[in-house]
Every structure is written in structure tokens, then in C-alpha cells.
Amino acid sequence: LMSALPTLVLIVTLGLQARNTAIEDATQGLQGFVRSAAETQVRATTATRLLMENLSRVPDVQRADIATCTRIFVNVLRINQQRYSALHLVDLDGNIMATGGTSSGLNFANVKHFRDALKTRGFVVGEYQLGVSLGVPVLPFGCPVIGPDGKINAVLLASVLLSSYGDQFAEMRFPQDSFFGVSDHQGVRLFRFPETGELPIGRPIHGSVSTAARADGEEGLVEDMGSDGVLRMVAFRKIRTAPDAPPYMYMFAGTPKARIHARALEILWRDLGILLLMVRSEEHTSELQS
């Protein structure tokens with residue numbers, strides 16, 4: 001046993017170092033996953049932005065040719081039916097002039113993405129809402145239609161189906177009690193994988209996580225005791241339409257802290273087990289020799 005003591009000390013020391021490294025690798029992996037998801041979201045929002053800005057420059061859209069606009073919008077929705085649920089052209093009072101769906105008669109004067117599009121004169125992202133056409137959760141976008149004279153003639157409004165977020169996670173195997181979530185700028189839940197009835201879409205996310213995400217910095221890591229009683233390490237990241245724009249979305253990924261530590265200790269216990277077998281083998285050899 002005394003002869004094995006130096007080896008024991010070395011194994012414990014290296015094991016603790018390996019444990020710390022494993023914990024660091026796990027948390028970095030969590031943050032890396034959120035960054036990857038954020039990059040996917042940025043690309044998707046950029047595609048929506050290009051679509052709406054290009055539509056806003058079409059002469060028939062700038063003239064508010066209802067028949068032509070309707071035909072264009074119907075085709076756009078048909079081609080992108082797995083992503084977009086609505087596409088409207090509304091006047092400066094928020095009334096629908098042309099639509100690719102059946103939402104005529106609605107008024108958008110009081111919705112955030114309509115007001116922000118008029119205020120900023122640029123592409124904007126709204127906040128969580130139930131789509132009127134399909135009655136499902138959507139994230140809306142707005143883009144002003146600016147004429148050659150520099151005046152805003154109308155506003156384009158589009159809605160992205162939040163269910164489309166699930167496509168990239170359908171085949172993914174998350175560790176037990178882990179999750180990926182998305183919220184809008186107010187902290188309202190837009191998406192969660194895996195789904196759970198106790199944490200429905202359209203409700204505020206956990207307060208401590210939301211507070212941490214709203215603090216300074218583009219990303220971070222925080223410990224959070226979930227409503228299910230599981231202590232998790234949660235990585236988060238802010239999503240913006242431009243570097244100087246306020247966040248319009250937050251992304252989160254969390255995994256149980258106990259699971260991270262358990263994986264980190266596996267190497268230590270394995271090495272200690274090997275040492276114990278070696279010591280017992282030496283004892284057995286000594287007994288035979290005596």
C-alpha cells in the first residue's frame with residue numbers, strides 16, 4: 001500500500017485535473033451549441049430580410065397593385081409553406097391591402113413590428129404572437145415599402161412558423177433533462193425542445209435565466225434551478241439584426257450540472273479502480289511468494 005501511495009497521489013491529482021478539464025469542455029460544448037444555433041437563426045433571419053426587402057422594391061408592390069401583390073404573396077407562401085404562415089401588404093393605418101392568406105379585414109396599427117417598421121424605416125423583428133390565419137405561434141417581421149420619393153407607401157408584414165425551429169432538433173439525442181429554448185425580446189418562450197406541457201409556448205421563461213441573459217455581454221453561462229427541481233448549467237446568447245440593434249431573441253441550452261460532474265468523475269474512478277486492482281494483484285503475488 002505504501003509503495004502504491006505515490007501512484008495514488010498522482011492519479012488523484014491528474015484525475016482532479018481531468019475532472020476540471022471535462023467540466024470546462026462540457027460547458028464550452030454547451031456554449032458552442034448555442035453559438036451554432038444562433039448562427040442558423042441569423043442566416044434564417046437574413047433570408048427573410050432579403051425576401052422582404054426585395055419584395056418592397058417590386059414596382060407592383062410599391063404601387064400597391066392588389067391583384068399582382070396577391071399573386072406574388074400566394075406563390076411565396078406556397079414555395080415556403082414550411083416556414084412562413086402569412087405575408088401581407090398593409091397601408092399606413094395598418095389595414096391589409098393585399099395578402100397571401102385569408103386575413104383580410106385585420107388591422108395591425110398597434111402591433112410592434114408594424115410600428116417599428118414605420119419608426120425605423122427598415123427591417124424589424126416583432127414579438128411572440130398567435131398567427132391569425134392558422135392560430136399557431138409565430139414570430140412576425142416587418143419591412144417598409146419606400147417609394148422613389150423616399151416616402152413610406154406601405155408596410156410588408158410576414159410571420160415565421162415557430163414550429164420550424166424543431167426541424168434541426170428532430171433527430172438530435174439530448175442528454176436526459178437537457179433542453180434547448182428560444183425566447184423573444186421580452187423573455188416570452190418561442191420554442192422549447194423537448195416540449196413539455198409544464199413550460200408552454202407563449203409564457204415567460206424562468207426569471208433568473210432571463211435576468212442573466214438581459215445583462216451585459218453577448219453570451220454567458222449561469223447555474224439555474226429549473227421549475228422541475230433540476231439544477232442545470234445554462235448557456236445563453238443574444239440575437240440581433242445588427243451589431244448596434246437591441247436583441248430581438250435569446251437562445252438557451254441547458255444540461256444538468258450533476259450529469260456534467262458525473263461524466264467528469266468517470267475518469268478519476270476508473271483510474272482509482274485500476275490502481276486498486278494493481279494493489280490487490282501485488283498483495284496476491286506477495287502471498288504466493290511467502
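Please read all numbers here as calculations on a predicted model, not as lab measurements.
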Out of the candidates Arg35, Gln31, Lys238, only one should pair with Glu219 under the side-chain hydrogen bond (donor to acceptor under 3.5 Å, both in side chains) rule; please name it. Arg35
Does Asp65 have any salt bridge (charged side-chain N to carboxylate O under 4.0 Å, His left out) partners at least two apart in sequence or in another chain, and if so, which? none
Going by salt bridge (charged side-chain N to carboxylate O under 4.0 Å, His left out), name the residues that satisfy it together with Glu218, two or more places apart in sequence or in a different chain. Arg240
Can you give each donor-acceptor pair under 3.5 Å made by side-chain atoms of residues 137-154, sequence neighbours left out, with the distance rounded to 0.1 Å?
unit_1	atom_1	unit_2	atom_2	d
Asp149	OD1	Lys151	N	3.0

Test: [X] and [Y] ion pair at under 4.0 Å:
X: Glu53; Y: Arg49; result: yes
X: Lys119; Y: Asp116; result: no
X: Lys257; Y: Glu223; result: yes

Determine the interplanar angle of the His113 and Phe108 rings, folded into 0 to 90°, and report it as parallel if under 30°, tilted if 30 to 60°, perpendicular if over 60°. perpendicular
Could you tell me which non-hydrogen atom of [X] sits nearest to which non-hydrogen atom of [Y], and how far apart they are?
X: Ser56; Y: Val61; value: CA-CG1, 4.4 Å
X: Phe33; Y: Ala253; value: CD2-CB, 3.9 Å
X: Val34; Y: Ala235; value: CG2-O, 3.7 Å

Give the C-alpha distance, both sets of side-chain angles, the deciding distance and a yes or no for side chain to side chain contact (heavy atoms under 4.5 Å, CB included) between Leu30 and Leu221. CA-CA 9 Å; Leu30 202 60; Leu221 192 70; 4.2 Å; yes
Going through the distances and angles, do Tyr128 and Ser183 end up as a side chain to side chain donor-acceptor pair (under 3.5 Å)? CA-CA 8 Å; Tyr128 168 87; Ser183 78; over 6 Å; no
Do other residues, nucleotides or ligands put more than 12 heavy atoms under 6.0 Å from Arg214 CZ? yes
If you take the centroid of each ring, where Trp contributes its six-membered ring, are Phe252 and Phe179 closer together than 6.0 Å? no
Where do His185 and Tyr250 land on the ring pair (Phe, Tyr, Trp, His ring centres under 6.0 Å) test, with the steps shown first? CA-CA 7 Å; His185 72 108; Tyr250 299 90; 8.7 Å; no
